Chemist: 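Sending over a structure as structure tokens; questions will come in a sec.
Side chains included, hydrogens not; waters and symmetry mates left out as well; all remaining heavy atoms used. In this text, all values refer to a predicted model and were calculated from it rather than measured experimentally.
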Amino acid sequence: MSVGNTKTTKLADVYVVTSGKGGVGKTTTTASIGAALAIKGKRTLVVDADIGLRNLDVILGLESRVVFNIVDVAKKVCKPNQATIKSKKSPNLYLLPASQTDDKDVITEEEVKDTLEWYRREFDFILIDSPAGIEQGFKNACVAASNALVVTTPEISAIRDADRVIGLLSARSIEPKLIVNRIDFNMVRRGDMLSVTDVEDILGIETVGIVERDEHVIVSANCGDPVVYNQKSKAGSAFMRIASRLCGENIPIVSKEKSNSIFTKLGKCLGF
């Protein structure tokens with residue numbers, strides 16, 4: 001469970017993975033991109049900031065190995081390296097779990113920032129899985145981040161919440177990038193789902209990845225095995241490409257859509 005000391009002097013890039021709306025695949029995205037970065041040789045820490053409702057340990061298949069958590073580190077109940085759990089799949093991937101029993105406001109923004117500052121010296125990337133909503137849990141998840149991955153599905157309610165979160169991130173000088181999750185290009189072609197272009201036009205931020213709807217994601221989550229390890233998964237390949245872009249690789253984003261959608265006008269009418 002301990003973290004090694006092979007990290008270089010460069011501090012980790014810290015990303016908060018957020019959405020505003022729950023149920024859009026934020027935790028799966030955190031686990032998948034974290035696993036993908038680890039596959040690429042990057043020492044990566046994924047942090048569950050959803051105190052009281054942790055799930056990242058389950059997605060990674062590490063729930064039986066949780067002893068300490070982020071609250072224990074912040075309150076100095078344990079040392080930082082005692083709370084991290086190494087992935088069973090990769091020596092480069094670690095989890096810092098959330099507490100299952102504490103309240104969301106049990107730790108302050110300053111305590112979270114101080115806690116993650118230690119980990120920044122040990123890792124190349126830190127991905128923080130933010131809880132849904134924009135209350136204290138969201139603020140805690142953002143406090144140490146300079147970048148954000150905003151996850152949304154192509155639905156008006158999800159996009160409305162994402163738009164609100166983007167404004168809050170900008171106010172904190174955190175640079176947001178967009179991940180459009182669970183896109184179904186057949187529905188887009190029929191005009192029954194917003195296209196990626198629709199979502200981009202409404203939200204107005206750079207897209208870093210498009211993830212197709214894929215049943216392998218559900219199977220992988222239930223098995224505690226990130227979908228990037230499944231070479232047959234379209235979603236797994238998409239998360240690998242996102243990780244490559246975060247590492248600075250110039251990989252074009254190619255969309256398969258030919259949209260007949262009318263939702264861009266609808267979005268503007270709704271005030272986006």
Chemist: Please name the pair of heavy atoms, one in Cys78 and one in Ala83, separated by the smallest distance, quoted to 0.1 Å.
Modeler: SG-CB, 4.1 Å
Chemist: When you compare the side chain of Leu169 with that of Val16, does any pair of heavy atoms fall below 4.5 Å?
Modeler: yes
Chemist: Would you kindly confirm whether Ile134 and Val150 end up in one hydrophobic cluster when ILVMFWY residues are joined by side chain heavy atoms under 4.5 Å apart?
Modeler: yes
Chemist: Between Val143 and Trp118, is there a shared hydrophobic cluster once you connect ILVMFWY residues whose side-chain heavy atoms come closer than 4.5 Å?
Modeler: yes
Chemist: May I ask you to decide if Pro80's main-chain N or O and Tyr119's side chain share a donor-acceptor pair within less than 3.5 Å?
Modeler: yes
Chemist: Please indicate whether Ile218 has more than 12 foreign heavy atoms, meaning atoms of other residues, nucleotides or ligands, lying under 6.0 Å from its CD1.
Modeler: no
Chemist: Report whether Met193 and Ile156 are members of the same hydrophobic cluster (ILVMFWY, side-chain heavy atoms less than 4.5 Å apart, transitive linking).
Modeler: yes
Chemist: Could you name each residue pair satisfying salt bridge (Lys or Arg N to Asp or Glu O under 4.0 Å) that touches residues 13-39, not counting sequence neighbours?
Modeler: Lys10-Asp13, Lys26-Asp129
Chemist: Could you tell me whether the side chain of Arg121 reaches within less than 4.5 Å of the side chain of Leu11, counting heavy atoms only?
Modeler: yes
Chemist: At what distance, to the nearest 0.5 angstrom, does CG of Leu37 lie from OG of Ser244?
Modeler: 8.5 Å
Chemist: Can you list the residues that meet the side chain to side chain contact (heavy atoms under 4.5 Å, CB included) rule with Asn230, with sequence neighbours excluded?
Modeler: His216, Lys232, Ser233
Chemist: Any side-chain heavy atom of Val211 within less than 4.5 Å of one from Thr29?
Modeler: no
Chemist: Begin with the C-alpha distance, continue with both residues' side-chain angles, and end with the deciding distance and a verdict on side-chain contact (heavy atoms from CB on, under 4.5 Å) for Ser19 and Val165.
Modeler: CA-CA 7 Å; Ser19 61; Val165 162; over 6 Å; no
Chemist: Quick one: closest heavy-atom pair of Pro154 and Val180, and the distance?
Modeler: CG-CG1, 4.2 Å
Chemist: Please, which pairs that meet salt bridge (Lys or Arg N to Asp or Glu O under 4.0 Å) have at least one residue in residues 238-252, sequence neighbours excluded?
Modeler: Lys40-Glu249
Chemist: Got a donor-acceptor contact below 3.5 angstrom from the Asp225 side chain to the Gly61 backbone?
Modeler: no
Chemist: Please examine the side chains of Ile166 and Leu203, heavy atoms only from C-beta on, and report whether any two atoms are closer than 4.5 Å.
Modeler: yes
Chemist: Is there a path of hydrophobic side-chain contacts, each under 4.5 Å between heavy atoms, that joins Leu62 and Val66?
Modeler: yes
Chemist: Taking a hydrophobic cluster as the set of Ile, Leu, Val, Met, Phe, Trp and Tyr residues connected by side-chain heavy atoms closer than 4.5 Å, whether directly or through intermediates, do Tyr229 and Val46 fall within one such cluster?
Modeler: yes
Chemist: Which residue in the set Ile183, Val188, Ile202 passes side chain to side chain contact (heavy atoms under 4.5 Å, CB included) when paired with Leu194?
Modeler: Ile202
Chemist: Grab the two heavy atoms, one from Gly209 and one from Ile253, that are nearest each other, plus how far apart they are.
Modeler: N-CD1, 4.0 Å
Chemist: Please report the closest heavy-atom contact between Phe125 and Ala12, naming both atoms and the distance.
Modeler: N-CB, 4.0 Å
Chemist: Under a 4.5 Å cut-off applied to non-hydrogen side-chain atoms, are Val199 and Val196 in contact?
Modeler: no
Chemist: Would the distance check show the side chain of Asn69 and the main-chain N or O of Asp72 forming a donor-acceptor pair, the cut-off being under 3.5 Å?
Modeler: yes
Chemist: For Ala74, which residues count as a side chain to side chain contact (heavy atoms under 4.5 Å, CB included) partner, sequence neighbours excluded?
Modeler: Ile107, Glu111, Thr115
Chemist: Say you draw a straight line from CG of Leu116 to CG of Leu96; how long is it, rounded to the nearest 0.5 Å?
Modeler: 7.0 Å
Chemist: Go through it in stages, so that I can follow the logic: the residues are Phe138 and Leu168, the test is side-chain contact (heavy atoms from CB on, under 4.5 Å), and I'd like the CA-CA distance, side-chain angles, deciding distance and then a yes or no.
Modeler: CA-CA 10 Å; Phe138 167 78; Leu168 295 173; 4.0 Å; yes
Chemist: Would you say the side-chain atoms of Asp214 pair up with the backbone N or O of Ala235, donor to acceptor, closer than 3.5 Å?
Modeler: yes
Chemist: Does the side chain of Ile174 reach to within under 4.5 Å of the side chain of Cys142, using non-hydrogen atoms?
Modeler: yes
Chemist: Filter on salt bridge (Lys or Arg N to Asp or Glu O under 4.0 Å), then keep only pairs touching residues 134-145, sequence neighbours left out; what's left?
Modeler: none
Chemist: Are the side chain of Asn92 and the backbone of Ala38 linked by a donor-acceptor contact shorter than 3.5 Å?
Modeler: yes
Chemist: Is the number of heavy atoms from other residues, nucleotides or ligands under 6.0 Å of Arg172 CZ greater than 12?
Modeler: yes
Chemist: Using 4.0 Å as the upper bound for N to carboxylate O, is an ion pair formed by Arg213 and Asp184?
Modeler: yes
Chemist: Is the backbone of Tyr94 close enough, under 3.5 Å, to the side chain of Arg43 for a donor and an acceptor to pair up by distance?
Modeler: no
Chemist: Does the side-chain contact (heavy atoms from CB on, under 4.5 Å) test come out yes or no for Phe68 and Lys79, once each step is laid out?
Modeler: CA-CA 9 Å; Phe68 297 111; Lys79 296 179 180 179; over 6 Å; no
Chemist: Quick one: CG on Asp161 to OG1 on Thr18, what's the gap to the nearest 0.5 Å?
Modeler: 10.0 Å
Chemist: Could you list the residues that satisfy side-chain hydrogen bond (donor to acceptor under 3.5 Å, both in side chains) with Glu200, not counting sequence neighbours?
Modeler: Thr207
Chemist: Between Asn181 (side chain only) and Thr153 (backbone N and O only), is there a donor and an acceptor less than 3.5 Å apart?
Modeler: no
Chemist: Checking Asp198 side chain against Ser195 main chain: does a donor-acceptor pair fall under 3.5 Å?
Modeler: yes
Chemist: Between Arg189 and Asn186, does a side-chain contact (heavy atoms from CB on, under 4.5 Å) hold up when you go through it step by step?
Modeler: CA-CA 5 Å; Arg189 293 183 190 102; Asn186 289 326; 3.1 Å; yes
Chemist: Are the side chains of Glu122 and Asn81 in contact, using a 4.5 Å heavy-atom criterion?
Modeler: no
Chemist: What distance separates Ile85 CD1 from Leu45 CG, expressed to the nearest 0.5 Å?
Modeler: 10.5 Å
Chemist: First locate atom CG of Asp50, then atom CG of Leu56, and finally report the distance between them rounded to the nearest 0.5 Å.
Modeler: 10.0 Å
Chemist: Might you point out which heavy atoms bring Ile51 and Asp102 nearest each other, and give the distance in Å?
Modeler: CG2-O, 3.5 Å
Chemist: Testing the basics here: between Ile70 and Ala98, what is the closest heavy-atom pair and its distance to 0.1 Å?
Modeler: CG2-CA, 4.0 Å
Chemist: Thr30 versus Ile59: any side-chain heavy-atom pair under 4.5 Å?
Modeler: no
Chemist: Rounded at 0.5 Å granularity, tell me how far CD in Glu155 sits from CZ in Arg160.
Modeler: 13.5 Å
